[in-house]
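Structure first, then comments.
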Amino acid sequence: RGTLSVMLEIGENCTIHSGAIIVDPTVPGSIVIGAENTIGWHTVVGVRCQDLKYTGGECSLQIGDRNAIREHVSLHLSSRDEWTTKIGNDNLIMGCCHIAHDCIVGKRPIA
């Protein structure tokens, strides 16, 4: 097997609670998490998408600044190289929410 390239960037002043999973080392791609985010207990961030059509490739997830991502949330990587799952700034993503591959969440919504 070849070497996978997984890039993770976490901004300043982020809080990541225990049990959170940040990155899937078996899926190549990139995860960029902005500054001042709170990632809740047992949250899953940047794992392989649940799209059955996914066949591999460099996937990505971008999270903006000052988001409250509560407990048991799942945020998945994109399903294609050319797409990115994106979360804007100043969002409240409430407990047990699932944000699927290729979704774009703007600024300030509550999910």
Contact summary for Val6 and Asp24, nearest pair of heavy atoms: CG2-O, 4.2 Å

Apply side chain to side chain donor-acceptor pair (under 3.5 Å) to residues Asp102 and Thr85 and explain how you reach the verdict. CA-CA 4 Å; Asp102 312 324; Thr85 304; 4.7 Å; no

Would you find more than 12 non-hydrogen atoms of other residues, nucleotides or ligands less than 6.0 Å from Glu82 atom CD? yes

Just so I know, are the side chains of Ile99 and Val73 near enough to count as touching, which here means a heavy-atom distance under 4.5 Å? no

Could you tell me whether the side chain of Ile33 reaches within less than 4.5 Å of the side chain of Cys14, counting heavy atoms only? yes

For Ser78, the option from Cys103, Ser60, Cys49 that meets side-chain contact (heavy atoms from CB on, under 4.5 Å): Ser60

Residues two or more places apart in sequence or in another chain: which of them pass salt bridge (charged side-chain N to carboxylate O under 4.0 Å, His left out) with Lys107? none

If I take atom CZ from residue Arg70 and atom CE from residue Met94, how far apart are they, to the nearest 0.5 angstrom? 9.5 Å

Contact summary for Gly46 and Leu61, nearest pair of heavy atoms: N-CD2, 3.7 Å

Interatomic spacing from CD in Glu36 to CG in Asp90 - rounded to 0.5 Å: 9.5 Å

Which atom names give the shortest non-hydrogen contact between Val44 and Val47, and what distance separates them? CG1-CG1, 3.4 Å

Closest heavy-atom contact between Arg48 and Leu77? N-CD1, 4.2 Å

Please check: side-chain N/O of Asn91 versus main-chain N/O of Ile110, any donor-acceptor pairing under 3.5 Å? no

Polar side chain donor-acceptor pair, Ser74 to His98, under 3.5 angstrom: yes

Check: Ile10 and Ile16 side chains under 4.5 Å, non-hydrogen atoms: yes

Which heavy atom in Arg66 sits nearest to a heavy atom in Asn89, and how many Å separate them? NH2-CB, 4.0 Å

Is the His42 to His72 ring centre distance short of 6.0 Å? yes

Counting C-beta onward and ignoring hydrogens, is there a side-chain heavy-atom pair between Ile69 and Leu75 closer than 4.5 Å? yes

